[in-house]
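Both ligands and their constituent atoms are indexed starting at 1 by order of listing.
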Amino acid sequence: MKIEFAAFGPVESGDLVIFVGDDLAVPPAVSAQFGQLQDLVRRAAASERFKGKPAGTLTVPAPDSIGPAERLVVIGLGAEAERGKQDWRNLGGVLAGRVAGRSATVFAELPGVEDTAEAVAEMALGARLRAYTFDRYKTKKDDAEPDGTAHLTFAVAEPAACLEADARRAGLADGVNLARDLVNEPPNILFPAEFARRAEALTELGVEVEVLGEDELRRLGMRALLAVGQGSGHGSRVAIMRWNGGTDGQAPIAFVGKGVCFDSGGISIKPAGGMEDMKGDMAGAATVVGLMHALASRKVKANVIGAIGLTENMPDGNAQRPGDIIRTLSGQTVEMVNSDAEGRLVLGDVLWHVKETYKPAFMVDLATLTGAILVALGQEYAGLFANNDELADRLLAAGRTTGERVWRMPLGPEYDKMIDSKFADMKNTGGRHGGSITAAQFLQRYVGDVPWAHLDIAGTGMNAPHSETNRSWGPGWGVRLLDQLVRDHYESS
Ligand code: BES
Ligand code: MN
Ligand code: ZN
């Protein structure tokens with residue numbers, strides 16, 4: 001989708017989009033440009049029962065006074081007293097949905113709004129997110145939804161201010177859409193080595209990317225991660241992305257992602273129904289790549305590490321067996337009792353590696369880790385587990401700001417006991433009860449004293465419900481959340 005900002009002026013083609021409050025009053029700049037539209041809007045509103053409620057829309061054929069415009073699209077802003085609470089990003093999604101596949105001029109005259117540039121830039125972000133489609137494997141483009149060919153021109157009083165506010169967000173939309181692409185790609189295309197290549201493309205933005213192959217992983221001792229991949233014909237990889245935008249010697253902040261490119265369950269194989277969804281079991285890693293893209297695009301003044309464990313969980317003759325005991329990178333041993341609880345094995349090694357190698361100020365990991373988090377929270381909230389209240393509170397706040405909401409779940413020694421093993425230091429599942437919590441307890445055994453938070457995104461990271469800003473199976477969940485976290489607390493100015 002192409003987005004531009006221009007001064008108020010005539011419409012050359014496509015649709016004209018305007019905003020009205022619940023009083024249905026057409027704003028003055030619109031009237032000055034296009035003559036009296038008030039009667040038309042009131043009559044059409046009455047016949048369509050359009051009340052100017054937030055995100056409500058009204059579409060009518062354009063009257064002659066608008067010139068060559070095809071349609072007039074009116075979008076509701078609700079009561080003026082409530083304007084400060086307006087969700088502009090969502091509204092941008094609504095408007096992009098209304099004009100999908102066409103071009104439109106959006107007269108962004110927003111009565112009662114203090115910072116028009118910020119509101120317009122948020123709408124542009126929402127529009128970019130809404131316009132995303134994944135249709136590269138559809139050979140008949142008619143089957144595809146109307147897509148991002150739409151061209152939006154926001155007509156505003158101060159285009160320069162909008163351009164500046166938008167520039168701060170354009171890389172963010174690209175980062176989210178990059179994460180979506182990765183989650184949506186099929187598993188025959190996006191296997192670990194290919195995923196690593198996609199991460200390597202971040203070098204174009206100045207990110208240092210190091211890809212560790214199987215030999216190197218073996219040399220390092222990432223035996224748990226390798227054990228997960230040993231039943232697959234595809235080799236495992238770990239990609240480390242580094243953005244050095246902060247001061248020299250300043251401890252980096254670190255983001256770690258589960259990148260299981262396909263999770264069949266391994267020998268503890270999953271049922272056939274819905275198994276195709278397990279191509280999305282790399283959503284955590286996708287979010288980390290999308291986040292690094294967003295942060296590098298705006299040249300964030302912070303040192304940031306992104307580390308992703310890439311592997312495929314398959315059942316062949318070389319696959320790991322329930323009962324196997326693995327000596328993990330940390331030196332701790334794991335009795336592997338269920339090969340479908342593979343994500344924690346991958347993350348344990350990567351978390352330990354990041355902690356030891358980079359001595360980070362904090363680590364946040366993202367993983368489609370447990371079906372149990374879907375049982376607990378559904379698809380509205382990600383599960384948040386943390387050993388540090390400040391980090392947890394900051395994530396909760398970023399969730400409220402961005403709408404990518406997280407809900408804190410407990411950790412504790414009673415849960416930790418549930419993964420003790422008869423034969424090794426721990427086993428990789430803790431039974432039916434509290435499945436998301438025992439998984440998090442497992443991870444906690446690999447983070448030492450480093451402030452750490454774990455986001456279980458099995459519910460939010462894939463198979464997403466449609467919203468005004470997302471029509472994609474893979475929503476790119478968490479890129480905006482973590483970008484906000486960094487923005488709010490970890491950028492030196
Ligand atoms: N990748 C799955 C979790 C998952 C489930 C993600 C549904 C997205 C949607 C994970 O590797 C897994 O299989 N977890 C098991 C753990 C169990 C064996 C302890 C689960 O949740 O059933
Ligand atoms: Mn699994
Ligand atoms: Zn998995």
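With hydrogens and angles ignored, the 3.5 Å screen pairs no side-chain donor or acceptor of Gln484 with any backbone N or O of Gly399. Under a 3.5 Å cut-off, the side chain of Trp88 and the backbone N or O of Glu118 do not form any donor-acceptor pair. Under the 3.5 Å distance criterion, the side-chain polar atoms of Asp324 are left unmatched by any main-chain donor or acceptor of Met336. A side-chain donor-acceptor contact under 3.5 Å links Arg169 to the backbone of Ala165.
The two residues Ala319 and Gln230 make their nearest non-hydrogen contact at C-NE2, 3.7 Å. Ser330 and Thr328 get closest at one heavy-atom pair: OG-OG1, 2.8 Å.
Protein N/O/S atoms found under 2.8 Å from the Zn ion (ligand 3): Lys258 NZ, Asp263 OD2, Asp281 OD2, Glu342 OE2. Around the Mn ion (ligand 2), the protein N, O or S atoms found under 2.8 Å comprise Asp263 OD2, Asp340 O, Asp340 OD1, Glu342 OE1.
Remark: Asp349 does not engage Arg223 in a salt bridge, criterion side-chain N to carboxylate O under 4.0 Å. Under the 4.0 Å criterion applied to side-chain N and carboxylate O atoms, Asp281 and Lys258 are assigned as salt-bridge partners.
Remark: Lys299 fails to qualify as a cation-pi partner of Trp243 under the 6.0 Å distance and 45° angle criteria applied to the six-membered ring.
Protein residues with a heavy atom under 4.0 Å from ligand 1 are Lys258, Asp263, Lys270, Met278, Asp281, Asn338, Asp340, Glu342, Arg344, Thr368, Leu369, Thr370, Gly371, Leu374, Thr429, Ala458, Met462.
Residues passing the side-chain hydrogen bond (donor to acceptor under 3.5 Å, both in side chains) test with Thr460: none are found, sequence neighbours excluded.
Between Glu122 and Val120, the closest side-chain pair of non-hydrogen atoms is not below 4.5 Å. Counting heavy atoms from C-beta outward, Trp452 and Asp365 have side chains that approach closer than 4.5 Å.
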side-chain contact (heavy atoms from CB on, under 4.5 Å) evaluation trace for Arg242 with Val304: CA-CA 6 Å; Arg242 274 182 296 177; Val304 189; over 6 Å; no
